[in-house]
Amino acid sequence: MPELPEVETVRAGLAEHVVGRTITAVDVLHPRPVRRHAAGAEDFAARLTGRRICDARRRGKYLWLPLDDGDAILAHLGMSGQLLVAPADLPDQRHLRVRLTLGDGQVAPSRCEPSPLELRFADQRMFGGLSISPAGAELPPEIAHIARDPIDPEFDDALFVARLRQRTSALKRLLLDQRLVSGIGNIYADEALWLAMLHGERPSHRLRRSQAVEVLAAVRTVLAASLAQGGTSFDALYVNVNGESGYFERSLEVYGREGEPCRRCGTAIVRVPFMNRSSFYCPTCQPRPRRRTS
DNA sequence: CAGTCGCCCTGCTGGC
DNA sequence: TGCCAGCAGGGCGACT
């Protein structure tokens with residue numbers, strides 16, 4: 001369940017290990033992860049072969065690798081996706097879906113044999129995928145609707161607060177709306193709401209300005225804390241960029257803690273259904289909004 | 001237009 | 001023991 005901190009960790013790993021390399025072969029083992037490439041898996045593979053990766057960028061939970069001709073490989077990890085940098089002799093993992101074989105990208109041959117490297121996309125549930133974004137190097141048009149994330153220096157706090165307060169939906173729903181603010185998923189939304197001591201079902205247009213500001217600050221706190229841990233989890237050769245390991249070791253305050261005591265007040269954490277998933281909160285620290293009588 | 005809902009997909013868990 | 005329902009959930013298309 002990669003959210004912003006996990007995806008950013010992946011991006012940093014890719015920036016270090018695949019930028020500058022040339023794609024020498026592409027192997028699509030399952031068609032679903034390349035479903036967004038309308039021309040099909042074979043075309044996907046043919047188009048990428050021979051091209052050089054120039055950068056590794058991210059917006060929200062999307063990643064993209066600008067190529068030398070201005071196009072880009074656009075990636076989303078979905079729920080269970082992983083991008084792994086692995087030596088070619090490492091056995092395939094169970095849910096390997098796409099393999100990009102990488103050359104070293106140097107014009108002159110190196111003195112010693114460079115160890116062949118692969119960029120592997122593995123994904124158990126296949127909600128994620130890879131696609132080619134024509135002219136997408138700067139910002140893929142497919143994700144132009146995705147807002148900046150709260151860690152982005154160009155994130156506009158005042159605009160976010162204003163938009164939050166003019167929308168009528170429940171607060172948590174808006175935290176998950178990637179057009180408003182990106183990078184937040186179900187887990188960090190619950191964690192941020194607990195920190196801000198607000199219930200996710202609060203109607204956002206009735207928040208005080210100071211409460212909206214506090215929500216944003218709480219989101220930043222939670223994301224920054226997780227990012228600080230996620231960044232420590234990969235080594236130089238085998239880059240496990242799933243984020244899963246650092247992720248569950250992280251101390252969560254409410255997510256997944258149904259029935260356990262709130263670390264602030266001791267009240268048992270509650271789980272409620274929300275958009276075909278779950279929300280966790282402390283009923284004392286985060287009281288449900290009172291129902292309006294009219 | 002904003003808001004809301006259901007679907008995509010696999011594997012694990014728990015109930016009977 | 002085996003089967004099946006339920007759950008995990010980001011994003012998008014299709015509704016109201």
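Quantities reported herein were computed from a predicted structural model and do not represent experimental measurements. The sequence lines fix the lettering, A, B, ..., with proteins before strands; numbering per chain opens at 1.
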Count the heavy atoms belonging to other residues, nucleotides or ligands that lie under 6.0 Å from [atom1] of [X], then report whether that count exceeds 12.
X        : atom1 : answer
A/Arg220 : CZ    : yes
A/Glu42  : CD    : no
A/Glu138 : CD    : no

Could you go through nucleotides 3-5 of chain C and list every protein N or O atom that sits under 3.5 Å from one of its N or O atoms, giving the distance for each pair?
none

Can a donor-acceptor pair under 3.5 Å be found between the side-chain atoms of A/Arg167 and the base atoms of B/dA2? no
- Got a donor-acceptor pair under 3.5 Å from the side chain of A/Arg36 to the base of C/dG11? no
Between its two end axes (five pairs each) the helix from B/dA2-C/dT16 to B/dC16-C/dG2 turns, nearest 10 degrees, through 50°
Is the distance from OP1 or OP2 of [N] to the nearest side-chain N or O of [X] less than 4.0 Å?
X        : N      : result
A/Ser169 : B/dT4  : yes
A/Ser80  : B/dG11 : no
A/Gln124 : B/dC9  : no
A/Ser278 : C/dC7  : no

Per the under-4.0 Å heavy-atom filter, residues of residues 27-35 of chain A near DNA chain C come out as none
Heavy atoms of A/Gln286 and A/Leu198 approach each other most closely as NE2-O, 3.0 Å
Residues 28-37 of chain A vs side chain to side chain donor-acceptor pair (under 3.5 Å), sequence neighbours excluded, gives A/His37-A/Asp43
Report task. Would you sort out whether A/Arg271 and A/Ser278 count as a side chain to side chain donor-acceptor pair (under 3.5 Å), showing the intermediate values? Result -> CA-CA 6 Å; A/Arg271 179 174 76 91; A/Ser278 295; 2.8 Å; yes
Self-check item: Over-ring placement of A/Arg257 relative to A/Trp194, 6.0 Å and 45° cut-offs
Solution: no
- Query: Between the side chain of A/Ser226 and the main-chain N/O of A/Val222, is any donor-acceptor distance below 3.5 Å?
  - Reply: no
(Q) With a 3.5 Å distance limit and no angle check, can you tell me whether A/Glu6 reaches the backbone of A/Glu3 through a side-chain donor-acceptor pair? (A) yes
Exercise for the section: Tell me what A/Arg179 touches on the nucleic acid: a base, only sugar-phosphate, or nothing, going by heavy atoms under 4.0 Å. Expected result: nothing
| query | NA contact type, A/Tyr62, heavy-atom cut-off 4.0 Å: base, sugar-phosphate, or nothing? | reply | sugar-phosphate
Expected list for residues 155-166 of chain A near DNA chain B, using heavy atoms below 4.0 Å, is none
> Is there a side chain to side chain contact (heavy atoms under 4.5 Å, CB included) between A/Arg120 and A/Leu83 once you walk through the steps?
Replying inline: CA-CA 6 Å; A/Arg120 299 179 179 183; A/Leu83 277 168; over 6 Å; no
Could you go step by step and tell me if A/Asp149 and A/Ser182 meet the side chain to side chain donor-acceptor pair (under 3.5 Å) rule?
CA-CA 5 Å; A/Asp149 65 64; A/Ser182 68; 4.7 Å; no
A/Arg165 meets the side chain to side chain donor-acceptor pair (under 3.5 Å) criterion, sequence neighbours left out, with none
Discussion item. Tell me whether A/Asp27 is salt-bridged to A/Arg99, with the criterion being a basic N under 4.0 Å from an acidic carboxylate O.
Written reply: yes
Practice task
I would like to know whether A/Ser279 and A/Lys172 meet side chain to side chain donor-acceptor pair (under 3.5 Å); could you show each step before the answer?
Solution key: CA-CA 9 Å; A/Ser279 283; A/Lys172 181 173 173 183; 2.6 Å; yes
Separation of B/dC9 atom C1' from A/Asp123 atom CG, nearest Å, is 9 Å
